[in-house]
Amino acid sequence: MRAHPASASASARASVPAGERPAAREAILLVGGKGTRLRPLTVHTPKPMIPAAGVPFLTHQLARARAAGVEHVVLATSYLAEVFEPHFGDGSALGLHLEYVTETDPLGTGGAIRNVAHRLHSAPGEPVLVLNGDILTGLDIRALVATHRDTGADISLHLTRVEDPRAFGLVPTDAAGRVTAFLEKPQTPEEIVTDQINAGCYVFTRSVIDTIPSGRPVSVEREVFPDLLATGAHLQGMVDSTYWLDLGTPQAFVRGSADLVTGRAPSPAVPGRRGEYLVLPGAQVAADAKLSGGTCVSAGAVIGSGARVDGSTVLAGAVVEPDAVVKNSLVGARAHIGGRTVLDSVVVGDGAHIGPDNELRHGVRVWCDARIDGGAIRFSSDQ
Ligand code: GDD
Ligand code: MG
C-alpha cells in the first residue's frame with residue numbers, strides 16, 4: 001500500500017480514494033474471552049460466534065477489516081476455541097487469509113497479542129490492527145491507520161465518548177491527542193477524569209508487540225498501556241464518535257443485531273437488504289405476524305399467526321407461537337415461546353421452553369433447556 005504524505009489533514013484524507021489511503025494489512029482479533037456477562041448465550045457459543053443479523057457476529061468485524069484493506073487476520077482464541085475454524089476455515093470466503101492460535105490457559109488481552117506475534121509477516125515499522133472481538137462500530141479504520149502514521153505513534157487507539165464510562169477503560173488525552181493516562185474500569189469518582197474511553201480498536205507498530213512479556217497472562221489495558229506510558233512511549237488517541245457498541249451484555253447484543261438489520265450499524269456482511277426485519281431462508285413467518293425494529297429470524301425458526309416480534313433476534317429452529325409478543329429480546333436456538341406469552345428485554349437460552357400466557361420482562365435470563373410451564377410466571381418489576 002502506497003504511503004500518503006504525512007502532512008495530510010483529515011479533510012484531505014477523506015478525498016483520497018480508499019484504495020490509496022494507508023491500510024494495515026494484518027490484524028489480530030481477540031476472541032478468547034468467556035463472555036460471562038452474556039450467559040446463557042455464551043454457554044455453548046463463544047461471544048463472537050453468536051449470530052447478529054443472521055451471521056456470527058465476528059463475520060461483520062472480519063468483513064469490515066477486509067473492506068479497510070486487511071488481508072491477513074490471526075484469531076487469538078481460548079474459550080470454546082474449537083468452533084471458529086470449522087466455520088471460517090482459511091478465510092477465503094471473506095477474501096482473507098485467516099489463522100488461528102489457541103491459548104491453553106487464557107493469556108489476557110496483552111498476552112494474547114504477544115502469543116500470536118510469530119504469525120505476523122509485517123516489517124518492524126509496519127502497522128498491525130488489533131480488535132476486541134465484541135465491538136460493533138462504524139469506525140473509519142483507515143483514518144486510525146493514517147493517524148498512526150502521521151503522528152509516528154507506537155500505538156494508536158480509537159476512543160469514543162460515553163455517558164457512563166465506568167465499565168470501560170478511561171483514556172484522557174492532551175491537546176494533540178496524545179494519551180496521558182489509562183484507567184481501566186475506574187472504581188472511584190475521582191478516577192473518572194474523562195468521558196473518553198478505549199473503544200477496543202488499536203494500531204500497534206509491529207515491533208512494539210515484541211515488547212509485551214511472553215508466556216504469562218498480561219492485560220493490555222492494565223499493564224501494557226500504563227507501562228508504555230510510564231516509559232515515555234507515544235500512545236495516540238483518535239476520538240471518533242461514529243456508531244459504537246460493545247456487545248458484552250444481552251441487551252447490547254440484541255440492540256447491535258437490530259441496528260445491523262436496520263442499517264444504523266454498518267457492515268458489508270448482512271445477508272439481505274436493510275430494513276425493519278430480516279428473515280433468513282428456511283424461516284417460516286405467518287402472513288399476519290408483525291416483524292419490526294430490526295428483528296432477525298434465523299433459518300428454521302417459526303413465527304406463528306398474530307405474533308409480534310420487535311427489535312429482537314430469533315435464532316435457528318426457535319418457535320414463537322401465535323399471538324406471542326417478543327420485544328427487544330433474544331430467543332435462543334430451538335427455544336420455544338408459548339402462545340400469548342410476552343417477552344420484553346429477555347434472553348431465552350438455547351433449547352428453553354416457555355409455555356403459553358407467561359410474561360417476562362426487564363432483563364430476565366432463562367437458562368438453556370430450562371422449562372417454564374403455561375401461565376406459571378408473571379415477572380415484572382413494575383408490579
Ligand atoms: N485470546 C484472548 N485471551 N482474548 C481475550 C482474553 C484472553 O485471555 N480475555 C479477553 N479477551 C478478548 C475478549 O474476547 C474480547 O473480545 C476482548 O478481549 C475484550 O475483552 P472484554 O472482556 O470484552 O473486555 P471489556 O469489554 O470488559 O473491556 C475492554 O473493552 C472495552 C471496550 O469495549 C477493555 O479493552 C476496555 O478498556 C474497553 O473500554
Ligand atoms: Mg467487551
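Numbering of ligands and ligand atoms starts at 1, following listing order.
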Looking only at protein heavy atoms, which one is nearest to atom 23 (O) of ligand 1, and how far off is it? Asp134 OD2, 2.8 Å
Atom 33 (O) of ligand 1 - nearest protein heavy atom and its distance: Asp246 OD2, 2.6 Å
Consider ligand 1: state whether an atom of it lies below 4.0 angstrom from any non-hydrogen atom of Gly108. yes
Atom 28 (O) of ligand 1: the protein heavy-atom neighbour that sits closest, reported with distance to 0.1 Å: Lys185 NZ, 3.5 Å
Angle between ring planes, Phe253 versus Phe57, binned at 30° and 60°: parallel, tilted or perpendicular? perpendicular
Nearest non-hydrogen contact with atom 34 (C) of ligand 1 belongs to which option: Gln61, Glu221, Arg37, Lys47? Glu221
Does Ser78 reach ligand 1 with a nitrogen or oxygen that is under 3.5 Å from one of the ligand's nitrogen or oxygen atoms? no
Taking atom types as modelled, is there a side-chain donor on Ser305 or Asp288 under 3.5 Å from an acceptor on the other? yes
Glu103, any N or O under 3.5 Å of ligand 1 N or O: yes
State whether a side-chain donor-acceptor pair under 3.5 Å links His148 with Thr205. yes
Just checking, is any N or O donor in the side chain of Ser257 or Thr313 under 3.5 Å from an acceptor N or O on the other one? yes
Distance-only N or O hit between ligand 1 and Phe168, under 3.5 Å: no
So, Gln196 and Thr173: side-chain donor and acceptor under 3.5 Å apart, yes or no? yes
Quick look: Val220 vs ligand 1, heavy-atom contacts under 4.0 Å, and the answer is neither
Between ligand 1 and Lys34, can you find any atom pair, the residue atom being a heavy atom, that is separated by under 4.0 Å? no
Nearest-neighbour protein heavy atom for atom 36 (C) of ligand 1, which is reported as residue plus atom name and distance: Glu184 OE2, 3.3 Å
Does one side chain, of His87 or Glu85, offer a donor that lies under 3.5 Å from an acceptor on the other? no
Among side-chain atoms of Ser156 and Thr147, is any donor-acceptor pair under 3.5 angstrom? no
Is the closest heavy-atom distance from Trp244 to ligand 1 below 4.0 Å? yes
Check the hydrophobic clustering (I, L, V, M, F, W, Y; side-chain heavy atoms under 4.5 Å; chains of links allowed) and say if Val203 and Val224 are grouped together. no
Distance-only side-chain donor-acceptor flag, Thr341 / Glu321, under 3.5 Å: no
Quick one: which of Leu75, Val130, Thr77 gives a side-chain contact (heavy atoms from CB on, under 4.5 Å) with Leu30? Val130
Polar atom proximity, Gly133 to ligand 1 (N or O, under 3.5 Å): yes
Please work out whether any backbone atom (N, CA, C, O) or any side-chain heavy atom from C-beta onward of Ala112 is under 4.0 Å from ligand 1, and answer side chain, backbone, both or neither. side chain
For atom 15 (C) of ligand 1, closest protein heavy-atom neighbour: Leu30 O, 3.7 Å
Examine Ala167 against ligand 1 and note whether any of their N/O atoms are separated by less than 3.5 Å. no
Only one of Leu183, Leu170, Val220, Val171 clears side-chain contact (heavy atoms from CB on, under 4.5 Å) with Asn198; which? Val171
List ligand 1 atoms under 4.0 Å from Val31, heavy atoms only on the residue side. 14 (O)
Per-atom contacts, ligand 1 versus Ile135 - under 4.0 Å to a heavy atom: 33 (O)
Less than 4.0 angstrom from a charged side-chain N to a carboxylate O is my criterion; do Arg142 and Asp140 meet it? no
Under 4.0 Å to a heavy atom of Pro106 - the qualifying atoms of ligand 1, by number: 8 (O)
Pair Ser219-Glu221, side-chain donor/acceptor within less than 3.5 Å: yes
N/O to N/O below 3.5 Å, does that happen between Gly33 and ligand 1? yes
Side chain, backbone, both or neither: Tyr79 near ligand 1, heavy atoms under 4.0 Å: neither
Could you verify whether a donor N or O on one side chain and an acceptor N or O on the other, from Glu26 and Ser122, lie under 3.5 Å apart? yes
Answer yes if a protein heavy atom lies under 4.0 Å from atom 20 (O) of ligand 1, otherwise answer no. no
Using a strict threshold of under 4.0 Å (side-chain N to carboxylate O), is an ion pair present between Asp310 and Lys327? yes
Keeping waters out of it, list the protein N, O or S atoms under 2.8 Å from the Mg ion (ligand 2). Asp134 OD2, Asp246 OD2
Check whether any N or O atom of Thr109, backbone or side chain, sits under 3.5 Å from an N or O atom of ligand 1, and answer yes or no. no
Test of proximity, Gly32 against ligand 1: N or O pairs below 3.5 Å: yes
Which protein non-hydrogen atom lies closest to atom 29 (C) of ligand 1, naming both residue and atom, and how far is it? Asn132 ND2, 3.6 Å
Got an N/O contact under 3.5 Å between Ile197 and ligand 1? no
Looking only at protein heavy atoms, identify the closest one to atom 32 (C) of ligand 1 and say how far it is in Å. Asn198 O, 3.4 Å
Report whether Leu29 and Leu96 are members of the same hydrophobic cluster (ILVMFWY, side-chain heavy atoms less than 4.5 Å apart, transitive linking). yes
For residues Tyr202 and Leu144, determine if any side-chain heavy atom of one lies less than 4.5 Å from a side-chain heavy atom of the other. no
Look at Asp357 together with Arg340 and state whether they make a salt bridge at an N to O cut-off of under 4.0 Å. yes
Among Arg206, Arg149, Arg25, salt bridge (Lys or Arg N to Asp or Glu O under 4.0 Å) partner for Glu126: Arg25
